[in-house]
> 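First the structure, which I've put down as structure tokens, then a few questions once you've had a look.
Both counts, for ligands and for their atoms, begin at 1 and track the order of listing. A quick note: this is a predicted structure, and the numbers were derived from the prediction, not measured.
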Amino acid sequence: MKKWGMRVLPLLIAAGAGLAAATAWSAESLQDVLKRRNLSQQDLLAAAKTYVPTGKRDEFVVFSSGGQSGQVIVYGVPSMRILKYIGVFTPEPWQGYGFDENSKAVLDQGKIDGKDITWGDTHHPAISETEGKYDGQFLFINDKANPRLAVIDLRDFETKQIVVNPIFKSEHGGAFVTPNTEYIIEAAQYASPLENKKFVPLEEFNEKYRGGITYWKFDRKEGRINPAQSFSLELPPYSQDLSDAGKGPSDGWSFTNSFCSERYVGGIEKGRPPYEAGCSAKDTDYLHVINWKKAAELVAAGKAKKINGHNVLMMETAIKEGILFLIPEPKSPHGVDVTPDGKLLTVAGKLDTHVSVYSFEKIQAAIKAGKFESKDPYGIPVIGLKDALHTQVELGLGPLHTQYDSKPCVAYTSLYVDSQVAKWNYCEGKVLDKISVHYNIGHLMAMEGDSMDPKGRYLVALNKLAIDRFVPVGPLHPQNHQLIDISNDKMQLLYDMPLPLGEPHYAVGIDATKLKPGVRYKVGTDSRTDKPHPGLVRAGEEKTVKKGNKVEVFGTLIRSHITPETIEVDVGDEVTIHLTNLERAQDETHGFTVSTYNKHASIEPGKTVTVKFKADKEGVYPYYCTEFCSALHLEMQGYLLVKPKGWKPTKTALAAQSYTEDDYKKQVKKIADTQAVIDSVVGYITSVNYKDFPDVVALVEDATDQLNKMKDAKAKHEAAAAKKDWEQANLWAEQVWQYQVKAADIGLRAKTYLEQNGAKKVK
Ligand code: CUK
Ligand code: CUA
């Protein structure tokens with residue numbers, strides 16, 4: 001390679017040269033390491049099962065609720081490496097979520113009664129399904145505290161929509177999708193009056209407080225929930241809990257637990273027994289069995305009542321039309337989980353040592369025969385437990401949630417009190433294996449283990465307490481996700497992962513190959529609406545428009561400058577800055593912020609983002625790119641100049657700098673040397689089948705773009721040199737070199753990619 005002589009070249013070649021020497025002095029053997037680190041053969045096996053070598057990828061991707069952080073955590077299995085946090089109900093600065101106008105518009109959809117709610121208690125993520133199988137297109141997650149549901153598009157892992165439940169005050173049994181994602185199910189938790197602006201005393205709890213289930217209609221083509229086509233079903237105030245949708249033979253039905261059919265309302269301060277005593281007084285609560293397909297038809301036929309502008313099918317109608325039934329379920333039930341074949345459902349009772357497996361066929365037979373043991377106080381027919389049961393299996397203390405294996409009839413249930421996972425056979429009703437986890441497991445999650453096509457292999461225990469598992473970090477401990485190998489008869493604990501962001505209740509794991517996120521947007525996309533952004537400009541079209549006290553900037557970002565480089569406004573102006581990232585190269589994100597205005601944007605290749613603020617303080621405010629994007633990232637800067645009222649310039653020229661003809665000659669020589677490097681890289685790229693690699697084609701386009709810009713700057717430095725204006729000649733020559741460096745940087749990346757991906761010589 002030719003002499004480069006500059007500070008950038010070492011950076012460009014460092015990637016290729018660094019590693020060869022490392023093995024020369026590492027003489028430690030595997031045995032030595034086992035001894036030194038006090039590791040057993042079992043540890044070594046676990047390490048080998050989870051280690052993902054550098055440059056290799058995970059087999060599964062997990063979307064975990066971020067609990068009280070209101071976010072989603074994305075990590076890989078089996079490595080347990082965290083890949084991303086997705087801002088959902090909470091501002092997330094790296095992604096500019098809540099700090100730029102476009103994402104703020106999404107968060108604003110989650111306002112309740114006009115008030116910002118900038119946190120969420122996320123519980124249950126759900127991946128969109130096609131024919132009961134994960135399709136990897138969308139992710140949904142609920143907010144228990146403020147009854148809301150969010151839609152995340154897995155093409156870019158961004159939150160696109162938040163809907164607020166129009167009739168609930170809290171919700172828990174969501175998000176659960178129907179087998180073709182026709183609806184997303186969201187069940188209320190704490191009963192409240194459905195006309196939710198009204199005060200109703202607790203003395204009227206039984207008559208006026210209500211639970212319910214909302215079926216949010218999902219429009220897959222739009223990638224959004226359609227609230228107008230969504231509806232709810234009114235339910236008794238039983239504290240509805242988790243839900244699941246039927247599948248296969250039970251498609252069209254949904255199932256929701258409840259844990260306080262006692263309808264107890266507490267009052268310890270008035271000398272009454274506390275909630276937990278009152279809500280677990282009876283031996284059974286109720287499983288709600290609902291024919292949602294029929295419910296949707298009834299709503300379409302105009303049988304719903306409008307509450308807060310939302311269609312609600314009242315209990316009375318549901319009973320009359322025969323679409324709502326109850327079945328007793330043992331003490332303090334929590335999870336209800338439909339088997340992959342859709343024929344059975346597992347209900348776990350927290351205060352029972354058994355799980356109860358109900359048969360959908362038996363439930364249907366009872367309904368057909370009109371065989372009910374009683375009616376509840378609201379007139380809902382109750383199917384006898386015995387008439388619905390397939391089997392009951394004694395698993396241990398505190399069973400909560402169940403997931404399914406790829407092997408037929410095999411299920412895993414979390415045992416909260418025992419701190420164990422039980423593996424059992426739900427067809428024959430027998431326990432197969434148990435493993436201890438640390439400590440107090442809540443949910444558990446097997447790969448695609450709640451779908452019609454579970455993948456088995458791995459299971460994650462989502463433990464509630466970590467106690468002594470990690471280096472202590474104060475009284476608030478991280479959560480602990482423990483990875484378990486379930487591919488053999490005996491379960492094996494493989495790995496502890498601390499999660500320090502909130503209490504994730506549930507997580508879903510999907511085969512990584514099903515996810516097909518994009519690497520760049522079509523240029524000028526508003527990623528939050530997926531529509532063209534009106535603020536788009538292309539290179540050379542950048543402009544600043546001032547109308548009255550409104551200043552609108554149409555800018556661009558590309559390595560390594562922000563256009564414009566100066567924005568001048570008057571104090572009090574409303575400033576709107578639209579920025580388009582013109583890059584096409586993978587992972588070339590630019591960030592943007594203006595000093596002290598509390599704005600931030602993350603602008604991925606092709607995206608257009610708007611930030612908006614009032615320039616309410618006179619002064620000088622640097623703005624810059626916040627993402628280290630190239631060797632000249634720090635130079636990606638500019639000034640917002642906020643002028644005081646009535647300001648007049650006293651000086652009209654910028655300070656001159658001294659450059660000589662000699663400096664200019666050195667610049668020209670540097671350009672020639674760099675060009676030789678570029679030519680050699682171009683020579684290599686065009687000598688192979690680079691057109692077969694779309695990523696490389698995009699890089700080549702980017703590099704060509706840079707080189708095309710050179711022509712203009714070259715003409716300028718030559719013209720200045722002819723006039724012996726050495727300052728201008730030097731600066732424009734430097735700019736030519738800047739374009740070259742960027743082109744070379746991109747070119748070398750393309751070359752490396754081609755070499756690593758087996759490019760072949762052409763001709
Ligand atoms: S709930 Cu937390 S352990 Cu919200 Cu799914 Cu069961
Ligand atoms: Cu763009 Cu740093």
> How is the N/O/S atom of His505 that comes nearest to atom 2 (Cu) of ligand 1 named?
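For His505, the N/O/S atom sitting closest to atom 2 (Cu) of ligand 1 is ND1.
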> Can you confirm whether or not the ring centre of Tyr75 sits under 6.0 Å from the ring centre of His481?
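Ring centres of His481 and Tyr75 closer than 6.0 Å.
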> List every atom of ligand 1 that sits less than 4.0 Å from any heavy atom of Leu242, numbering the atoms from 1 in the order shown and giving each element.
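Result: 5 (Cu).
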> Distance under 4.0 Å to a non-hydrogen atom of His334: what atoms of ligand 1 satisfy this?
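Here the atoms of ligand 1 in question are 1 (S), 3 (S), 6 (Cu).
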> So if I count the atoms of ligand 1 from 1 in the order they appear, which ones are less than 4.0 Å from some heavy atom of His124?
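Once the distances to His124 are compared, the set is 1 (S), 4 (Cu), 5 (Cu).
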> What is the name of the N/O/S atom of Glu627 that is nearest to atom 2 (Cu) of ligand 2?
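Considering only N, O and S atoms, Glu627 comes nearest to atom 2 (Cu) of ligand 2 through O.
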> So that I know where these two stand, are His124 and Phe176 an aromatic pair - ring centroids less than 6.0 Å apart?
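Ring-ring flag for His124/Phe176: true, centres closer than 6.0 Å.
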> Verify whether the ring centers belonging to Tyr404 and Tyr426 lie closer than 6.0 Å.
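Yes - the distance between ring centres of Tyr404 and Tyr426 falls below the 6.0 Å cut-off.
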> Under 4.0 Å from any heavy atom of Lys464, which atoms of ligand 1 are there?
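Within the 4.0 Å cut-off of Lys464, ligand 1 contributes 2 (Cu), 3 (S).
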> Need the atom name: nearest N/O/S atom of His633 to atom 2 (Cu) of ligand 2.
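Nearest to atom 2 (Cu) of ligand 2 within His633's N, O and S set: ND1.
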> Using atom 2 (Cu) of ligand 2 as the apex, give the angle to atoms SG (Cys629) and SG (Cys625), rounded to 10 degrees.
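SG of Cys629, atom 2 (Cu) of ligand 2 and SG of Cys625 span an angle of about 120°.
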> So between Glu503, His123, His443, whose heavy atom ends up nearest atom 5 (Cu) of ligand 1?
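Closest candidate by heavy-atom distance is His443.
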> Pick one: which of Glu171, His172, Lys144 meets side chain to side chain donor-acceptor pair (under 3.5 Å) with Tyr190?
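Passing option: Lys144.
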> Just one of Lys709, Arg559, Arg749 clears the salt bridge (charged side-chain N to carboxylate O under 4.0 Å, His left out) bar with Asp702, so which one?
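Result for salt bridge (charged side-chain N to carboxylate O under 4.0 Å, His left out) with Asp702: Arg559.
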> Does any N, O or S atom in His590 come within less than 2.8 Å of atom 2 (Cu) of ligand 2?
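No, His590 does not qualify, because none of its backbone or side-chain N, O or S atoms lies under 2.8 Å.
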> Can you spot which of Tyr623, Phe99, Tyr621 makes a ring-ring contact (aromatic ring centres under 6.0 Å, His included) with Tyr597?
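Of the listed options, the one satisfying the test is Tyr621.
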> Please test Glu158 against Lys607 for salt bridge (charged side-chain N to carboxylate O under 4.0 Å, His left out), starting from the C-alpha separation and ending with a verdict.
CA-CA 13 Å; Glu158 284 198 356; Lys607 199 192 246 190; 2.8 Å; yes
> Are the side chains of Ile185 and Tyr215 in contact, using a 4.5 Å heavy-atom criterion?
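Contact flag for Tyr215/Ile185 side chains = yes.
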> Tell me the contacting part of His401 for ligand 1: side chain, backbone, both, or neither, using a 4.0 Å heavy-atom threshold, strictly below.
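For His401, only side-chain atoms sit under 4.0 Å from ligand 1.
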